[in-house]
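A quick write-up on the structure given underneath.
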Amino acid sequence: MLDIRLIRENPQGVKDRLAARHGGAALAALVDEVLACDEARRQAETEKQRLQSERNRMSKEIGMRRKAGEDTAAAEAQVKGFAAELAEWETMAERADVRQRDLLLGIPNLPHEACPVGHDAAANPEVRTWGEKPVFAFPPKDHVTLGTALGMLDFESATRITGSAFVVYRGVGARLERALINFLIDVHTRDHGYTEVLPPYLVHADSLIGTSQLPKFADQIYACPEDGLYLAPTAEVPVTNLHREEIVRADRLPIRYVAYTPCFRREAGAAGVGTRGLIRMHQFDKVELVKITVPEASMAALEDLTRHAENILQQLGLHYRVIELCTGDLGFGSTKTYDIEVWAPGQNSYLEVSSCSCFGDYQARRMNLRFRDPDTGKNRFAHTLNGSGTALARLYVALLETCQQADGSILLPEVLRPYVGVTEIRAAEADCPQG
RNA sequence: GGACAGAUGGCAGAGUGGUCGAAUGCGCACGCUUGGAAAGCGUGUGUGCUAGAAAUAGCACCGAGGGUUCGAAUCCCUCUCUGUCCGCCA
């Protein structure tokens with residue numbers, strides 16, 4: 001949520017910065033509407049308070065005069081006469097306040113000054129690359145072919161028990177997924193200083209509003225309306241909201257969390273777009289990194305967080321590139337984002353396995369997450385960040401496709417071998433992994 | 001799912017219709033005291049909003065929302081959460 005004071009003080013500046021976003025031209029009208037609402041709200045608020053003040057003063061007087069045995073009927077009738085007008089202003093103030101908040105919840109974050117300006121994904125600059133595209137002496141297969149042949153991936157069963165865009169991992173395939181989860185969490189806790197958390201997968205609406213999935217993206221989220229709960233589309237939601245409505249002690253910052261959760265996404269409207277195999281699923285596993293920092297530290301924290309995610313791919317020996325999202329491609333709540341894309345030989349393309357974003361105080365404002373500034377004694381909104389460290393399904397794709405051998409077996413990277421318990425995955429072993 | 005009890009400031013804990021943003025204690029900050037510290041003494045110590053250039057003033061907030069009343073932390077209703085017991089279950 002944007003700061004209403006900022007909008008009030010520099011509406012044109014806000015509009016200009018929003019205009020660089022995808023669909024940004026339409027946002028100027030929203031900003032104007034917010035301003036009008038703010039004006040009406042403050043006027044109603046002032047009138048309301050004037051009457052309340054008068055009422056309080058007279059009620060006190062009535063109390064004292066009654067104690068003194070005087071007749072107060074006239075004064076009581078007079079105060080009662082305030083009620084209608086007071087209620088009117090109260091209603092107006094309330095309505096304007098709710099409307100203003102609704103409008104603000106629908107306005108995306110301002111892109112950071114450092115965010116490259118561009119129209120769409122084509123304008124995203126490449127920041128760096130690591131490793132090389134592997135060269136094969138044979139035509140590389142894709143992960144569906146490899147995983148199905150090895151008995152690791154079973155799409156048919158998933159369709160039978162649930163539907164399309166779900167998968168069953170089997171045998172050593174399931175074990176590999178579990179191994180990756182453990183490996184990622186181990187690296188981030190041991191080497192990068194994150195605290196492991198295992199949060200609920202179901203969250204209430206306020207949490208989703210806090211991280212800005214709601215109200216705008218309701219159609220992308222699985223809901224359990226009878227209970228007012230939603231399946232979290234990412235661990236970002238429960239983990240960042242760990243500190244909602246809280247004033248965090250400054251000496252506890254930065255807070256760093258790593259969390260494994262499954263992620264549930266309806267992917268409405270995405271049917272048919274790159275849907276083969278594990279690439280776009282309604283449920284996938286992800287290890288997420290979340291940071292809460294003081295405002296001054298957030299940009300450096302984004303760089304660190306991105307490096308932490310990259311480190312995973314480096315240890316697995318997977319070629320990747322880092323791109324920065326331009327203003328036109330930036331996510332709703334983000335002020336600056338790096339995407340990490342891993343090379344998947346079977347797809348002959350890069351796959352987004354991590355999106356690392358700094359949200360500034362945008363989410364903190366929505367969830368009222370503050371810290372006390374030790375220098376001024378004032379409460380300030382914290383900055384929040386998150387990034388996948390990394391998404392598992394697409395990592396799985398890249399791993400299978402990069403590590404495949406001519407006979408269709410998978411030669412695991414060194415670091416995973418202790419976790420999986422084998423060096424190579426072959427058809428014969430697939431369904432009877434060693435324990 | 002059923003029954004009962006509870007929710008007040010950083011914490012503990014008073015307060016059952018009026019001058020209560022809220023006693024008291026602890027904690028914390030500053031000052032005095034001291035060679036230094038402790039103890040002791042004194043002062044201060046919530047958040048948000050509105051108006052204002054500011055000093056400051058006002059309004060709201062005692063789990064949340066509604067109601068009664070001239071006036072609600074206090075009375076009534078609904079909900080949420082916590083605790084205890086019962087049932088059920090992994």
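Since the model is a prediction, treat every value here as computed from it, not as a measurement. Values reported hereafter were calculated over all heavy atoms of this structure, with side chains retained and with hydrogens, waters and symmetry mates removed.
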Distance between C1' atoms of C62(B) and G13(B) (Å, rounded): 13 Å
Span that lies between the P atom of G46(B) and that of A23(B), in whole angstrom: 11 Å
RNA chain B-proximal residues of residues 223-232 of chain A, any heavy atom under 4.0 Å: none
Whole-Å P distance, G6(B) and U74(B): 15 Å
Nearest-angstrom distance, C1' atom, G40(B) to G48(B): 38 Å
Anything under 3.5 Å between a protein N or O and an N or O of nucleotides 27-29 of chain B, put it in a table, one pair a line.
none

C1' spacing across the pair G9(B) / G44(B), given as an integer number of angstrom: 15 Å
Donor-acceptor contacts, no H, no angles, side chain residues 82-92 of chain A, under 3.5 Å, sequence neighbours left out:
unit_1	atom_1	unit_2	atom_2	d
Glu85(A)	OE2	Trp89(A)	NE1	3.3
Thr91(A)	OG1	Ala87(A)	O	2.7

Pairing residues for Asp285(A) by the salt bridge (Lys or Arg N to Asp or Glu O under 4.0 Å) criterion, not counting sequence neighbours: none
Check against salt bridge (charged side-chain N to carboxylate O under 4.0 Å, His left out), Asp71(A) and Arg66(A): CA-CA 7 Å; Asp71(A) 175 33; Arg66(A) 265 204 190 178; over 6 Å; no
Point-to-point distance, once rounded to the nearest 0.5 Å, from CG of Leu399(A) to CD1 of Ile425(A): 8.0 Å
Distance (rounded to the nearest 0.5 Å) between Asn109(A) CG and Arg21(A) CZ: 6.5 Å
Any Arg5(A) side-chain N or O less than 4.0 Å from OP1/OP2 of C49(B): yes
Integer-rounded Å distance: U50(B) P and Trp89(A) CH2: 16 Å
Test salt bridge (Lys or Arg N to Asp or Glu O under 4.0 Å) applied to Arg65(A) - qualifying residues, sequence neighbours left out: Glu61(A), Glu70(A)
Atom-to-atom span, CD of Glu70(A) to C1' of G18(B) - whole angstrom: 15 Å
Per-nucleotide pairing state of RNA chain B [Watson-Crick or G-U, under 3.5 Å; [ ] pseudoknot-crossing; | other strand]: ((((((((.[[[..)..(.....]]]((((((.......))))))((((((....)))))).[[[[[..)....]]]]])))))))....
Side-chain H-bond candidate by donor/acceptor type, Thr240(A) with Glu236(A), under 3.5 Å: no
Note: Asp102(A)-Arg99(A) ion pair, threshold 4.0 Å (strictly below): no
Partner residues of Arg178(A) under the salt bridge (Lys or Arg N to Asp or Glu O under 4.0 Å) criterion, sequence neighbours left out: none
Interatomic distance where CZ belongs to Arg65(A) and C1' belongs to G18(B) [whole Å]: 14 Å
Rounded distance (Å) that lies between atom C1' of G48(B) and atom NZ of Lys378(A): 12 Å
Pairwise C1' distance, G17(B) and C26(B) [rounded to whole Å]: 31 Å
Protein-nucleotide distance (Arg372(A), atom CZ; G46(B), atom C1'), rounded to Å: 8 Å
Qualifying ring-ring contact (aromatic ring centres under 6.0 Å, His included) pairs, either residue in residues 241-266 of chain A, two or more places apart: His243(A)-Tyr257(A)
Touch class at under 4.0 angstrom, heavy-atom based, for Arg370(A) against every strand present: sugar-phosphate
Which atom of Asp206(A) lies closest to which atom of Arg244(A), heavy atoms considered: O-NH1, 3.1 Å
Between C1' of G46(B) and CD of Glu246(A), the distance in whole Å: 16 Å
Pairwise P distance, A64(B) and U80(B) [rounded to whole Å]: 15 Å
Between C1' of C49(B) and CG of Asp38(A), the distance in whole Å: 12 Å
Phosphate OP1/OP2 of U50(B): any Arg8(A) side-chain N/O under 4.0 Å: yes
Under-4.0 Å side-chain N/O to phosphate OP1/OP2 contact, Arg42(A) with C49(B): no
Under 3.5 Å, sequence neighbours excluded: what are the donor-acceptor pairs made by side chains of residues 409-420 of chain A?
unit_1	atom_1	unit_2	atom_2	d
Ser409(A)	OG	Gln405(A)	NE2	2.8
Ser409(A)	OG	Asp407(A)	OD1	2.7
Arg417(A)	NE	Leu412(A)	O	2.8
Arg417(A)	NH2	Leu412(A)	O	2.8
Tyr419(A)	OH	Asp186(A)	OD2	2.5

Step-by-step salt bridge (charged side-chain N to carboxylate O under 4.0 Å, His left out) determination, Asp97(A) to Arg101(A): CA-CA 6 Å; Asp97(A) 191 59; Arg101(A) 184 175 163 80; over 6 Å; no
Salt bridge (Lys or Arg N to Asp or Glu O under 4.0 Å) partners for Asp219(A), two or more places apart: none
Interatomic distance where CG belongs to Asp206(A) and P belongs to C81(B) [whole Å]: 13 Å
Candidates U19(B), A51(B), U47(B) - which lies nearest the side chain of Thr46(A): A51(B)
Within residues 363-384 of chain A or reaching into it, pairs that qualify as ring-ring contact (aromatic ring centres under 6.0 Å, His included) - sequence neighbours excluded: none
Summary of protein contacts for nucleotides 58-72 of chain B, nucleotide by nucleotide, where a base hit scores B, a sugar-phosphate-only hit scores S (4.0 Å, heavy atoms): BBS---------BS-
P spacing across the pair G25(B) / C61(B), given as an integer number of angstrom: 27 Å
